[in-house]
Visitor: 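Before I ask anything, here is the structure I am working with.
All chains are named by letter (A, B, ...) in the order of the sequence lines, taking the proteins before the strands, and each is independently numbered beginning at 1. For the numbers below, each heavy atom of this structure counts, side chains included, while hydrogens, waters and symmetry mates do not.
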There are 2 protein chains.
Amino acid sequence: MTTPGRGLHGHVLEALGPAIAAGTYPPGSVLRTDELAQRFDVSRSVMREAVRVLESMHLVESRRRVGVTVRPKAEWNVYDPQVIRWRLAGADRPHQLRSLTVLRSAIEPVAAGLAARHATAAQCAELTECALGMVAHSRGHQLEGYLLHDVAFHRVILTASGNEMFARLGDVVAEVLTGRTEHEVMFEDPDPAAVTLHVHLAEAVREGDAARAQALTREITVGALQELDILAP
Amino acid sequence: MTTPGRGLHGHVLEALGPAIAAGTYPPGSVLRTDELAQRFDVSRSVMREAVRVLESMHLVESRRRVGVTVRPKAEWNVYDPQVIRWRLAGADRPHQLRSLTVLRSAIEPVAAGLAARHATAAQCAELTECALGMVAHSRGHQLEGYLLHDVAFHRVILTASGNEMFARLGDVVAEVLTGRTEHEVMFEDPDPAAVTLHVHLAEAVREGDAARAQALTREITVGALQELDILAP
DNA sequence: CAAGTCAAAAAGTCAGACTTATATGTCACA
DNA sequence: TGTGACATATAAGTCTGACTTTTTGACTTG
């Protein structure tokens with residue numbers, strides 16, 4: 001989706017990362033650099049670079065005389081986009097999807113409120129355009145086109161919030177939305193009510209109505225939570 | 001605070017990372033691995049490992065025939081604890097502190113609401129203990145002790161939410177709270193109203209009152225925003 | 001049985017030679 | 001004058017083998 005395995009060490013990561021994320025090597029497992037280098041048919045230098053990257057993600061810890069041990073899940077850098085992708089590709093995809101959707105429900109309403117204050121004219125225009133695109137693809141099994149505009153819509157909101165931390169979650173939201181369309185039940189056309197909410201949200205941001213923007217986004221995210229049977233009554 | 005520079009490549013990172021985060025090498029700057037290796041007096045292998053880590057944080061991009069170029073700030077993995085620490089140590093510390101406080105204001109209320117539902121008895125006890133500790137250190141310039149319990153309090157809330165993404169923000173909140181006490185204006189004793197809010201929040205969680213927990217946390221974070229003159233009227 | 005000692009194991013480090021991709025400049029040709 | 005193909009220099013990428021350092025677990029010793 002973003003960057004494929006650049007260089008040999010990248011290929012190794014593309015194989016090892018998902019395996020660790022999926023629990024193939026449970027926490028506490030010990031790997032040896034030399035053995036891994038042999039297994040992947042690369043030199044030790046390349047293998048060491050790969051291990052360094054995994055270490056920077058807190059997926060593993062490398063210690064002398066011991067080897068490379070897999071860390072407990074609770075210590076992983078779960079905000080690293082690559083770790084997120086690896087986990088979404090594995091077994092605990094549903095669990096990860098839930099965590100991320102709850103995260104969305106916390107972030108996006110606040111981001112929308114800020115966007116209503118800070119959005120530029122260009123951003124407002126783009127937002128309206130995305131909303132129109134969603135409407136245009138909301139009927140007749142045009143899920144791909146709908147998804148494209150949906151992702152773009154939320155990305156603009158997060159960016160327009162003016163907060164760098166929010167902006168960086170654009171990729172995460174994209175993964176969640178894409179995942180929902182691809183893997184989960186999404187055979188039918190999208191809920192018309194959701195589409196309307198997006199159109200109204202674009203209006204609210206354009207008019208600078210922070211409170212309404214926040215409330216509308218909260219409705220959208222509640223819908224996303226309900227889809228996954230996460231009730232917050 | 002967490003992990004000091006382990007190994008030679010760690011020392012290099014401890015020097016290079018903060019420099020890049022501080023803008024010493026502005027985005028677009030080109031570095032050469034060989035030159036860096038000479039400058040830090042390490043072998044190329046070690047330097048390459050350091051560059052790989054910086055690359056995994058999206059701080060730099062390494063391309064053949066070009067060198068190691070610094071990426072634009074907007075692409076950095078700003079959720080990486082190490083990146084956060086590096087940025088907090090540098091010039092845009094105030095800006096970073098604001099971003100993170102806004103993030104807190106979005107996350108913590110939701111986390112508190114979830115904590116009220118999911119917290120175990122042990123977590124409730126720990127929460128009450130922390131709140132009592134805050135009260136005990138709230139007068140007479142015992143800022144260090146107060147901070148300690150404040151950090152622990154918020155960490156328990158985030159963990160008790162049961163959401164791994166929230167839980168991992170414990171370190172971030174710790175940095176923000178510590179930074180506020182250390183660098184910002186924090187000469188006087190903490191606001192008594194804030195202390196009371198924490199005590200009440202512990203109560204609300206213990207009683208499983210999600211709505212009240214959320215509302216109280218919102219008040220707490222609004223206070224944090226006001227301290228930094230971030231008004232959200 | 002405690003404390004000190006030793007040897008093996010694995011990561012860490014280094015130096016050097018070689019490979020590969022690619023940005024850029026050069027030159028012929030239209 | 002512009003445009004294409006081609007050559008070249010450059011810096012990252014890779015591999016290898018030897019060496020160093022830390023740490024652990026076993027073994028010895030008082």
Visitor: Any side-chain N or O of A/Arg63 less than 4.0 Å from the OP1 or OP2 oxygen of C/dG12?
Guide: no

Visitor: Evaluate the criterion salt bridge (Lys or Arg N to Asp or Glu O under 4.0 Å) for residue pair A/Glu55 and A/Arg52; output intermediate values, then yes/no.
Guide: CA-CA 5 Å; A/Glu55 204 176 23; A/Arg52 281 283 169 273; 2.9 Å; yes

Visitor: Hey, which sits more toward the 5' end of DNA chain D by its nearest nucleotide, B/Leu31 or A/Asp41?
Guide: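 Here B/Leu31 is the residue nearer the 5' end.
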
Visitor: Would you kindly say whether B/Arg168 and A/Asn77 are connected by a side-chain donor-acceptor distance under 3.5 Å?
Guide: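 Note: B/Arg168 and A/Asn77 side chains meet the donor-acceptor criterion.
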
Visitor: Measure from the side chain of A/Asp34, starting at C-beta and using heavy atoms only, and say which of C/dA11, C/dT13, D/dC15 lies closest.
Guide: C/dA11

Visitor: List, with names and distances, any nitrogen or oxygen atoms from the protein found under 3.5 Å away from nitrogen or oxygen atoms belonging to nucleotides 16-19 of chain C.
Guide:
from, atom 1, to, atom 2, distance (Å)
C/dA17, N6, B/Arg44, NH2, 2.8

Visitor: In this structure, are over 12 heavy atoms from other groups packed under 6.0 Å from A/Gln38 atom CD?
Guide: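 Incorrect, the count does not exceed 12.
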
Visitor: Between the side chains of A/Glu164 and B/Ser99, is a donor N or O closer than 3.5 angstrom to an acceptor N or O?
Guide: yes

Visitor: Could you work out which one of D/dA12, C/dA11, D/dT14 sits closest to the side chain of A/Ser43?
Guide: D/dT14

Visitor: Can a side chain N or O of B/Thr33 be found less than 4.0 Å away from OP1 or OP2 on D/dA12?
Guide: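 So the side-chain polar atoms of B/Thr33 do come within 4.0 Å of the phosphate oxygens OP1 or OP2 of D/dA12, strictly under.
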
Visitor: So, is B/Arg48 near the phosphate of D/dA12, with a side-chain N or O under 4.0 Å from OP1 or OP2?
Guide: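 B/Arg48 to D/dA12 OP1/OP2: no side-chain N or O under 4.0 Å.
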
Visitor: Take the angle between the ring planes of A/Tyr79 and B/Tyr79 and call it parallel below 30°, perpendicular above 60°, tilted in between.
Guide: parallel

Visitor: To the nearest Å, give me how far apart CD (A/Gln38) and P (C/dA10) are.
Guide: 13 Å

Visitor: Any side-chain N or O of A/Arg6 less than 4.0 Å from the OP1 or OP2 oxygen of D/dA12?
Guide: no

Visitor: Is A/His118 atom NE2 crowded by more than 12 heavy atoms from other residues, nucleotides or ligands, each under 6.0 Å away?
Guide: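 Counting neighbours around NE2 of A/His118, more than 12 heavy atoms of other residues, nucleotides or ligands fall under 6.0 Å, so yes.
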
Visitor: Which comes earlier along DNA chain D counting from the 5' end, the contact point of B/Arg65 or that of A/Leu8, where each point is its nearest nucleotide?
Guide: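 By nearest-heavy-atom nucleotide position, the 5'-most residue is B/Arg65.
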
